[in-house]
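Right, one structure below, let's go through it.
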Amino acid sequence: MDRIRIVGGNKLHGTIPISGAKNAALPLMIAALLSDETLILDNVPRLADVALLQRILGNHGVDIMAAGKRPGDHEYQGQTLHISAKNIIDTTAPYDLVSKMRASFWVIAPLLARMHEAKVSLPGGCAIGTRPVDLLIMALEKLGAEISIDAGYVVASAPGGLKGATIEFPKVTVSGTHVALMAAALAKGTTIISNAACEPEITDVADCLNKMGAKITGAGTPRILIEGVAKLHGARHTVLPDRIETGTYAMAVAMTGGEVQLSGARPELLQSALDVLSQAGATITVNNDGIKVARNGAGISPVTVTTAPFPGFPTDLQAQLMALMTRAKGASHITETIFENRFMHVQELARFGAKISLDGETATIDGVSKLRGAPVMATDLRASVSLVIAALAAEGETMVNRIYHLDRGFERLEEKLSACGATIERISG
Ligand code: EPZ
């Protein structure tokens with residue numbers, strides 16, 4: 001298994017191109033199942049999760065063509081996928097595929113909406129808490145689906161097609177909102193989703209669905225209105241930039257010091273995280289090409305942060321912020337409210353000499369003046385990248401094991417960081 005070796009202590013200087021958002025690319029690819037015409041997606045990141053979803057969609061009979069590189073294309077530019085779900089040959093998503101990636105469960109919505117049936121394996125356990133799918137099932141039942149659970153599979157049918165309804169989510173759920181949106185796009189009549197997730201990736205998917213002929217208004221607000229249509233057509237859509245990748249590199253720069261241009265980043269997608277970074281002592285400048293992050297001279301100030309649905313501080317940046325706060329001058333407090341048990345990085349950060357104590361949902365981080373490199377590994381991708389951030393500022397060598405998780409969510413991580421002066425290399429095998 002590949003590992004990443006990092007020797008800490010270098011400041012970061014240069015430019016990092018921001019890739020397309022993983023968490024938009026995945027539902028956008030799944031949305032292609034809604035139409036028998038081709039959906040063309042630009043700026044799709046080259047990630048293990050994207051490759052896996054290509055396999056999963058292939059199992060349903062979807063043809064995917066990845067456009068080759070054109071002369072002048074920069075290697076960092078995302079790929080263009082031509083996705084054609086002309087013939088859906090199988091409405092079952094099997095356990096061995098769904099269990100590898102939770103988001104693939106979401107195929108249930110377009111399969112049910114277009115084919116009026118779907119049989120999808122329950123996604124199973126996950127390293128960041130129990131993560132149930134009860135709210136996704138509730139939304140589909142509201143739209144008229146009949147659902148049963150059989151031998152680990154969710155079996156759903158809607159013989160006469162789905163029907164518009166009011167879906168009120170008792171808690172904000174990104175997965176629930178994606179599923180409700182995709183299913184309602186082809187349901188008969190009007191659907192209202194209230195207490196909808198407002199994450200930018202929801203808006204990106206709604207924009208793409210509208211280009212395909214859907215009638216969706218209000219995406220990005222807690223109330224989304226969908227007038228169902230009989231058919232969706234082909235379209236072309238560019239995946240929005242990855243706000244979590246942006247925030248991750250911004251935290252890396254705040255950690256090491258230096259100055260880096262995050263090219264293509266959109267500040268409005270992560271304002272809450274940028275505000276926290278400013279409080280922590282980083283200088284954030286928005287310019288035409290994206291965001292410039294610098295920390296020169298000043299130390300890292302401690303912060304108190306609670307994760308929350310968008311536009312709050314994202315849970316997907318919690319581990320990275322914790323890594324940064326291990327070097328703050330004083331005590332920081334980070335409260336995780338979205339996922340139970342999303343603190344696996346705490347023990348691994350301790351291997352660098354970090355001082356972190358946990359009390360329920362809240363971590364208290366007492367900043368230390370020095371971290372020391374160590375062999376580490378983590379079991380989810382954001383936790384893994386928090387170890388990279390710590391390693392960049394630690395004295396000596398760190399070996400990050402199990403980097404499979406990094407490859408799921410960070411495109412060319414070691415290339416992007418080494419281009420800015422980090423000593424980081426992938427060791428194969
Ligand atoms: C999405 O997960 C993201 N994944 C996650 O990113 C992200 O952390 C999360 O949203 C929150 O922003 C993708 O977009 C592929 P939820 P999702 O439904 O949709 C509970 C990463 O690192 N819930 O908003 O699964 C759930 O347990 C990943 O890229 C139910 O109780 O998250 C959680 O506590 C990790 N019942 C809360 O809602 C349900 O039926 C929010 O989950 C569904 C969810």
Side-chain angles (χ1 to χ4, degrees), residues 19-31 45 47-50 52-53 56 98 100-109 120 122-142 147 149 154 167-182 193 195-205 222 239-240 242-248 269-270 272-273 307-320 336-345 361 378-386 405-411:
S19 298
K22 169 182 85 79
N23 287 349
L26 299 177
L28 285 165
M29 290 169 70
I30 290 172
L47 296 171
D49 271 7
V50 167
L52 180 59
L53 185 56
I56 292 169
V98 180
K100 293 199 175 91
M101 184 176 50
R102 247 191 89 78
S104 60
F105 181 80
W106 306 349
V107 298
I108 194 169
V120 180
L122 282 163
C126 173
I128 58 173
T130 49
R131 301 185 78 187
V133 290
D134 55 324
L135 300 176
L136 285 64
I137 290 174
M138 178 278 281
L140 295 172
E141 282 179 337
K142 286 267 177 200
I147 297 189
I149 311 285
V154 179
I167 300 167
E168 187 164 351
F169 285 113
K171 75 196 292 194
V172 176
T173 156
V174 172
S175 53
T177 306
H178 276 311
V179 158
L181 199 58
M182 286 192 246
I193 307 176
N195 200 26
C198 301
E199 269 65 7
E201 294 75 21
I202 300 280
T203 314
D204 205 38
V205 171
V239 179
L240 91 171
D242 196 317
R243 63 195 167 100
I244 305 303
E245 189 197 27
T246 306
T248 300
L269 303 182
L270 72 161
S272 60
T307 62
F310 190 84
F313 187 91
T315 174
D316 289 347
L317 285 174
Q318 181 257 107
Q320 299 90 316
E336 170 61 52
T337 66
I338 308 294
F339 291 111
E340 66 201 69
N341 194 22
R342 203 178 194 180
F343 281 133
M344 290 84 50
H345 40 284
E361 299 179 330
T379 47
D380 93 78
L381 73 151
R382 311 305 177 189
S384 298
V385 86
S386 78
H405 291 287
L406 287 172
D407 293 335
R408 287 187 45 214
F410 290 93
E411 189 176 20

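The basis for the numbers below is simple: all heavy atoms, side chains too, and nothing from hydrogens, waters or symmetry mates. Treat the numbers as computed from the prediction; the structure is a model and nothing was measured. Whatever order the structure lists ligands and atoms in, that order sets their numbers, starting from 1.
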*Run the contact test for P132 against ligand 1 with a 4.0 Å cut-off on heavy atoms, strictly below, and give the result.*
yes
*Kindly say whether E336 contributes a backbone atom to a donor-acceptor pair with the side chain of E340 at under 3.5 angstrom?*
no
_With a heavy-atom distance limit of 4.0 Å, tell me whether L381 approaches ligand 1 through its side chain, its backbone, both, or neither._
side chain
_Polar contact flag for G176 and ligand 1 (N/O pairs, less than 3.5 Å)_ = no
_Identity of the nearest option to atom 37 (C) of ligand 1, non-hydrogen atoms only, from I338, L136, T173_ = I338
*Touching ligand 1 at all, M101? Heavy atoms, strictly under 4.0 Å?*
no
*Is it the side chain (CB and beyond), the backbone, both or neither of E201 that lies under 4.0 Å from ligand 1, heavy atoms counted?*
neither
*asked:* Heavy-atom pairs closer than 4.0 Å: do any link ligand 1 to the side chain of L135, the backbone, both, or neither?
replied: both
_So for ligand 1, is A103 a polar contact partner (N or O within less than 3.5 Å, distance only)?_
no
_So, 4.0 Å and heavy atoms of M138: is ligand 1 close enough to count as a contact?_
no
_What I want to know is whether D380 and ligand 1 share at least one N or O pair that is separated by under 3.5 angstrom._
no
*Is there a side chain to side chain contact (heavy atoms under 4.5 Å, CB included) between L47 and D407 once you walk through the steps?*
CA-CA 6 Å; L47 296 171; D407 293 335; over 6 Å; no
*Using a strict cut-off of 4.0 Å, indicate which atoms of ligand 1 neighbour a heavy atom of R342.*
8 (O), 22 (O), 35 (C)
*Give a yes/no verdict on whether any heavy atom in W106 is under 4.0 Å from an atom of ligand 1.*
yes
*Looking at residues at least two apart in the chain, or sitting in another chain, which of them share a salt bridge (Lys or Arg N to Asp or Glu O under 4.0 Å) with R243?*
E201
